[in-house]
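Working notes, beginning with the structure itself.
In this chain, residues are counted from 1 in sequence order.
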Amino acid sequence: MFSVIYYQNPNICLEIGIEDETITELSFCEKPLNQQKPDAFGKALFQQLDDYFAGKLKEFDIPYFATGTPFQLMVWEELLRLDYGEVITYSEMARRIGKPKAARAVGNALGKNPIGIIIPCHRVVRAGGKLGGFGGGLRVKEYLLKLEEENK
């Protein structure tokens, strides 16, 4: 059964799609559309998110499933290899996946990431450290990068 729950703290709002105790979507929102109480899986997820935003959790340990093209999956797998607080450029990500001329395609793949934060696309920036685009907006990307920098 598919359900949607919302996580919110003072800095961020997340809309989370869950199917069979597996996260299938995690995106950013302005405010929760409902106040549904989470089940046991949702509570475990919320605890991990609380710990992440408190700077205590460096790697999520909760089931998720992301679907995409083979190229998108390759990019997302490489994202999972980045250490907490590690920031690289789109060009560097392209080199790491063996496609050095595909920086723009990497950016497109990051934009299609269905499970933000857990698959940490916020850790990829433009050359020179400029933030570039982000599904949650640049304010949220900056917040996540600062959070990880301060707690790594």
Side-chain angles (χ1 to χ4, degrees), residues 1-7 12-30 33 38-53 55-149 151-152:
M1 183 171 125
F2 183 80
S3 63
V4 175
I5 60 175
Y6 292 86
Y7 173 89
I12 203 158
C13 179
L14 302 173
E15 181 177 279
I16 306 161
I18 299 171
E19 188 168 353
D20 298 325
E21 296 193 350
T22 301
I23 299 167
T24 58
E25 303 169 23
L26 192 153
S27 59
F28 303 92
C29 55
E30 290 298 316
L33 295 179
D39 60 9
F41 179 81
K43 287 179 184 176
L45 171 59
F46 283 10
Q47 184 61 58
Q48 286 196 24
L49 288 167
D50 285 345
D51 289 348
Y52 171 79
F53 289 115
K56 299 176 192 173
L57 183 78
K58 309 298 187 229
E59 188 174 316
F60 289 92
D61 180 24
I62 197 136
Y64 65 88
F65 183 77
T67 59
T69 67
F71 182 81
Q72 290 168 343
L73 294 171
M74 185 178 3
V75 170
W76 302 339
E77 284 293 323
E78 190 62 33
L79 283 172
L80 294 169
R81 291 184 184 93
L82 295 177
D83 291 331
Y84 179 92
E86 181 181 1
V87 178
I88 64 170
T89 64
Y90 296 100
S91 295
E92 175 61 23
M93 175 62 77
R95 281 191 290 280
R96 287 185 183 196
I97 63 169
K99 308 273 185 194
K101 295 183 180 183
R104 187 174 299 243
V106 164
N108 289 333
L110 296 177
K112 301 288 185 186
N113 176 5
I115 305 178
I117 299 177
I118 293 175
I119 299 177
C121 56
H122 60 275
R123 295 178 185 158
V124 183
V125 298
R126 291 180 179 175
K130 293 182 181 179
L131 294 186
F134 188 64
L138 295 183
R139 180 191 64 78
V140 172
K141 185 169 186 166
E142 185 174 33
Y143 163 70
L144 295 171
L145 292 173
K146 184 177 178 187
L147 170 78
E148 291 188 5
E149 177 62 29
N151 293 290
K152 66 180 177 180

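Residue pairs meeting the side chain to side chain donor-acceptor pair (under 3.5 Å) criterion with at least one member in residues 123-136, sequence neighbours excluded, are Arg123-Glu148. Pairs engaging residues 19-28 under the side chain to side chain donor-acceptor pair (under 3.5 Å) rule: none recorded [sequence neighbours left out].
Between the side chain of Lys152 and the main chain of Lys58, no donor-acceptor pair closer than 3.5 Å is present. Checked by atom type and distance alone, the side chain of Lys141 pairs as donor or acceptor with a backbone atom of Val124 at under 3.5 Å.
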Run the side-chain contact (heavy atoms from CB on, under 4.5 Å) check on Leu144 and Tyr52 step by step: do they pass?
CA-CA 10 Å; Leu144 295 171; Tyr52 171 79; 3.9 Å; yes
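Take Phe41 and apply the ring pair (Phe, Tyr, Trp, His ring centres under 6.0 Å) test, not counting sequence neighbours, and it matches no residue. With sequence neighbours left out, the side-chain contact (heavy atoms from CB on, under 4.5 Å) criterion links Glu77 to Leu80, Arg81. Under the ring pair (Phe, Tyr, Trp, His ring centres under 6.0 Å) criterion, Tyr6 pairs with no residue at all, not counting sequence neighbours.
In this structure the side chain of Tyr64 never reaches within 4.5 angstrom of the side chain of Pro114, judged on heavy atoms. Phe60 places a side-chain heavy atom less than 4.5 Å from the side chain of Ile117. When side chains are defined from C-beta on, Leu145 counts as touching Val125, because their heavy atoms get closer than 4.5 Å. Here the side chains of Leu49 and Ile12 are not in contact, with every heavy-atom distance at 4.5 Å or above. Asp39 is not listed as a side-chain neighbour of Ile18, based on a closest heavy-atom distance of 4.5 Å or more.
For the atom pair CG (Leu138) and CG (Leu131), the distance works out to 5.5 Å, reported to the nearest 0.5 Å. Taking CD1 of Ile62 as the reference point, atom CG of Leu45 lies at 4.5 Å (rounded to 0.5 Å). Rounding to the nearest 0.5 angstrom, the gap separating the CG atom in Asp61 from the CD1 atom in Ile118 is 10.5 Å. Distance check: Lys146 NZ to Tyr143 OH gives 10.0 Å after rounding to the nearest 0.5 Å. If you take CZ on Phe53 and OH on Tyr7, they are separated by 5.5 Å, rounding to the nearest 0.5 Å. Atom CD1 of Ile5 is separated from atom CG of Leu33 by 13.5 Å, given to the nearest 0.5 angstrom.
Taking the six-membered ring for Trp and thresholds of 30 and 60 degrees, Phe134 and His122 have ring planes more than 60 degrees apart, a perpendicular arrangement.
The shortest heavy-atom contact between Phe28 and Gly135 is CD1-C, 4.0 Å. The minimum heavy-atom distance between Tyr84 and Gly55, with the atom names listed, is OH-CA, 4.1 Å. In terms of heavy atoms, Glu15 sits closest to Cys29 at N-SG, 3.8 Å.
Under a cut-off of 6.0 angstrom, the local environment of NZ in Lys43 is sparse, with at most 12 non-hydrogen atoms contributed by other residues, nucleotides or ligands.
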Can you give the donor-acceptor pairs under 3.5 Å from side chains of residues 91-111 to other protein atoms, not counting sequence neighbours?
{"unit_1": "Glu92", "atom_1": "OE1", "unit_2": "Arg95", "atom_2": "NE", "d": "3.3"}
{"unit_1": "Glu92", "atom_1": "OE1", "unit_2": "Arg95", "atom_2": "NH2", "d": "3.2"}
{"unit_1": "Glu92", "atom_1": "OE2", "unit_2": "Arg96", "atom_2": "NE", "d": "2.9"}
{"unit_1": "Arg96", "atom_1": "NH1", "unit_2": "Glu86", "atom_2": "OE2", "d": "3.3"}
{"unit_1": "Arg96", "atom_1": "NH2", "unit_2": "Glu86", "atom_2": "OE2", "d": "3.0"}

